[in-house]
Amino acid sequence: MAKDFDTMEDSNCSSNADIHSVSDPARRVWLQGGLAALAGSALAPLFAGCATTAGAGPLLGFKAIPVSTADTIVVPEGYVATAIAAWGEPIGVAGNMPAWREDASASAADQAVQMGMHHDGIHFYALADSSTRGLLTMNHEYVDDGLLHAGGMANWTAEKVKKAQAAHGVAVVEVERKGEGWDLVRPSAYARRFTASTPFALGGPAAGHSMMKTAADPAGRTVLGTLNNCASGKTPWGTYLSGEENFAYYFALGEALPDAHQKRWGLRKTAFFRWNEHDERFDAAKHPNEYNRFGWVVEIDPMDPKSTPVKRTALGRAAHEGAWIAVTKDGRAVVYSGEDSRFEYIYKFVSRDRIAPAGGGLTQAQANRELLDHGTLHVARFDADGSGRWLPLVHGQGPLTVANGFADQGEVVIKARQASDALGATKMDRPEWLAIDQQSGEVFCTLTNNSSRGAKDQPGVDAANPRANNVMGNIIRWKDDGDFDGVTMRWSHLVLAGDPANARPEAKGNINGDLFACPDGLMLDARGVLWIQTDMHASQMNQGELVRIGNNQMLACDRSTGEIRRFLTGPVNCEITGATQTPDGATMFINIQHPGETPSDCSDPAEPNKFSKWPHGGRPRSATVVIRRKDGGVIGA
Ligand code: FEO
Ligand code: CA
Ligand code: CA
Ligand code: CA
C-alpha cells in the first residue's frame with residue numbers, strides 16, 4: 001500500500017468552506033509577485049512593519065547552496081554538519097546502554113533504552129543557562145518495520161510489535177559541546193524514553209470521561225503510551241509539547257462497520273503497523289474507546305526525570321502535528337495547533353490562568369502543572385476578505401449541545417472534528433508546523449500540500465478532486481486582533497511554494513529566491529529568521545512538478561525583504577524536520593527523518609541500502625544533525 005504517512009485520507013465530509021474557496025481573491029494578488037504585490041494590496045496594513053526584530057541590515061549572511069540529489073548533507077561554505085544520536089544509539093541510562101547493532105538484531109528491551117526511529121520535532125533545554133550543555137528532547141514519529149527488524153515484517157511476532165512500540169515516542173538525552181562538535185553525555189540522570197507503553201496521565205475535560213474508559217483503565221485517567229509524535233513546541237515554563245499525529249494507522253476495526261464517530265476519525269479495517277495482531281489494545285472492535293485516547297497534545301517535563309507525562313485534552317483531539325505557544329500581554333498561554341490531515345482544521349487554546357513563576361519549592365514547570373487543563377479551545381475560520389474568526393468549542397454554546405451529540409465539554413474535545421464541522425471552521429490543506437513572532441503577533445503555518453496522488457500521476461493533479469491540487473504547498477500567516485487571545489484576525493499568505501518552470505499556474509509559486517516545495521518544519525530564530533524545512537514524499541521527489549527541486553532541504557527567509565535562501569540539503573529520500581538552537585545561536589540542531597525511505601514507506605529488509613547509506617555508511621538511520629560555523633558565529637548570520 002503506497003502511502004504518505006503525513007496524509008490521512010479525507011474523512012471530512014462536512015460542507016464547510018475550504019481554504020481554496022476563500023483564497024481566490026488573495027491568490028490573484030500573490031501571483032503578481034509575492035511581497036511586493038502584497039505591499040500594494042488591501043492586506044498590506046496588517047503586515048507593514050512586520051519585519052524582523054533585528055533592526056536594519058541583511059539578516060542572511062551565508063552563500064546559498066544549489067539543489068542536490070546526493071546521499072549526503074550539504075551546508076554552505078564555512079559551515080559543518082555532523083550526525084549524532086542516530087536511531088539505535090543508547091540514550092545513556094546508567095547500567096543499561098546496549099550498543100547499536102547493524103544487523104537490526106537489537107531486542108525490544110534494547111530499543112526501549114536506545115534512540116527511537118524517525119526523529120522529528122526537537123528542542124534544546126539548556127542546563128545552567130549554558131550554550132555548551134543541555135538536554136535534547138525529540139520525537140520519534142513512526143517506524144520503518146523493513147529496517148527495524150532483521151527480516152522486516154515477515155514472521156510477525158509479539159516481540160517485533162514490542163520493538164516497534166519501543167522505537168516510537170519521545171527521547172530525552174543529555175548533550176555536551178566538545179571542541180567544535182557535540183556528543184551525548186552517557187550515562188545521564190536525565191536520559192529517558194517515552195514509548196507506546198509508557199503510562200501517561202490524562203488532564204483536562206476528557207480525563208475520566210466515559211468515552212475514555214477501558215477495561216484496563218476503568219477510571220479513564222491513565223493511558224499507556226504516545227505514538228506518531230510529530231512536531232513539538234517548548235513552553236515558556238520549560239516543558240515539551242508533542243503532537244500525536246496519525247494515530248489512525250495503528251488501530252484496526254476489522255469487518256465491523258465503523259460508527260459515525262469512528263468514520264469521522266478515519267478508523268480503518270486494517271492497521272498499517274499490524275500491532276493489533278499481537279496487542280489486543282489496538283483492536284478497535286474489542287476496545288473501541290482506546291482509539292479516543294490518542295490524538296492529543298502531550299506535555300513532558302524533561303528536566304524532571306521522575307515526572308509523569310500528561311495528555312492535555314483541553315487542547316482538543318486531532319491528528320496533531322504539534323503545538324506552539326504564545327503569551328498574551330497579561331501572561332496567559334495561547335497554544336496554536338493544526339491538524340495535518342487533508343481538509344482538517346487549525347485550533348487555538350487560550351488558558352484561563354496566567355503563567356505562574358517558579359517558587360515555593362516548585363520549578364516553573366511544576367508551578368504550571370495544570371495550566372493547560374483550563375481554558376477555551378477555538379477553531380479557525382478564514383474568510384475571503386482576509387479576515388478570520390476563532391470559533392469557541394464550548395459545550396452549550398451554539399450547536400455544541402446535548403441534542404447535537406455533545407453531552408459535555410469532554411465529548412466536545414474528544415469529538416473536536418465534529419464540533420468544528422458544526423461551527424463552520426475552514427478546511428485546510430494539511431497544516432503542519434507553526435511559528436510565532438511573539439513581538440509582532442504574527443503566526444505562520446505551513447500548508448504542506450493536499451495531494452495524495454503526487455507525481456506518480458503526472459503532474460500530480462487529481463482530476464476527480466480539483467480542490468486537491470495543491471501539490472507544492474504554501475505558508476499562511478495571520479495576526480489576531482488585539483492580542484493572541486483575539487477572536488478575530490487578519491490573514492494572508494507569506495509565500496506560495498513552487499517552480500516557475502512548471503506549466504500549471506498553481507504550481508509556479510511566487511518564491512523570491514531559491515525553489516522549494518512541500519514546506520513542513522518552521523522555526524523562527526532569535527534574530528527573526530524564519531527557517532523553512534521541506535517534506536516532499538519519496539514517491540514524488542525529483543519527478544513531475546518537483547523534478548528541479550532535488551532532495552528535501554532547509555531554507556532561511558528574511559521577512560524584511562521576503563528573500564528565501566537555501567541553507568541545507570538532505571540525503572536521499574529523507575525529510576528535514578525539527579530545528580532548535582542553543583541560546584547563543586552558535587549551534588543549531590535539526591533532525592533528518594527516514595533517509596532512504598521507500599515510496600511504499602516500508603523498506604525491503606533484503607535491501608536496506610537500496611536508496612541511502614546515511615549517516616554512517618550502513619543501514620540508513622534517522623539522526624540529529626549538529627550545525628556549526630567554522631568561525632563559531634551565529635547560524636545564518
Ligand atoms: Fe508528521 Fe505532518 O508531519
Ligand atoms: Ca514524517
Ligand atoms: Ca511534519
Ligand atoms: Ca510532512
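Any value given below was found using the heavy atoms of this structure, including those in side chains, with hydrogens, waters and symmetry copies removed. Numbering of ligands and ligand atoms starts at 1, following listing order.
The distance from atom 2 (Fe) of ligand 1 to the nearest N/O/S atom of Asp535 is not under 2.8 Å. Residue contacts to the Ca ion (ligand 2): Gln593 brings an N, O or S atom closer than 3.0 Å. Residue Asp120 does not count as close to the Ca ion (ligand 2), with no N, O or S atom under 3.0 Å. At least one N/O/S atom of Glu575, from backbone or side chain, sits under 3.0 Å from the Ca ion (ligand 2).
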Checklist entry - Between Lys311 and Val223, is a side chain to side chain contact (heavy atoms under 4.5 Å, CB included) present by the stated rule, with each step listed? => result CA-CA 9 Å; Lys311 299 200 179 197; Val223 181; 3.7 Å; yes
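Ring centers of Phe294 and Phe251: under 6.0 Å apart, within the cut-off.
Judged by the 6.0 Å and 45° rule, Arg621 forms a cation-pi pair with Trp100. Both tests do not hold together for Arg293 against Tyr250: distance to the six-membered ring centre under 6.0 Å, angle to the ring axis within 45°. Relative to the ring axis of Phe124, Lys234 does not place its NZ or CZ within 45° and under 6.0 Å from the centre.
Atom 2 (Fe) of ligand 1 is closest to atom OD2 of Asp340 (considering only N, O or S atoms). Taking the Ca ion (ligand 2) as reference, Glu141 places its N/O/S atom OE1 nearest. Within Glu321, the N, O or S atom lying nearest to atom 2 (Fe) of ligand 1 carries the name OE1. Taking the Ca ion (ligand 3) as reference, the nearest N/O/S atom within Glu321 carries the name OE2. Counting just the N/O/S atoms of Glu432, the one with the shortest distance to atom 2 (Fe) of ligand 1 is named OE1. Restricting Glu432 to its N/O/S atoms, the shortest distance to the Ca ion (ligand 3) is reached by OE1. Checked against atom 2 (Fe) of ligand 1, the N, O or S atom of Glu245 at the shortest distance is OE2.
A salt bridge links Asp340 to Arg430: at least one charged side-chain nitrogen sits closer than 4.0 Å to a carboxylate oxygen.
Using cut-offs of 30° and 60° on the angle between ring planes, the pair Phe273 and Trp275 is tilted.
To the nearest 0.5 angstrom, Asn246 atom CG is 11.5 Å from Asn229 atom CG.
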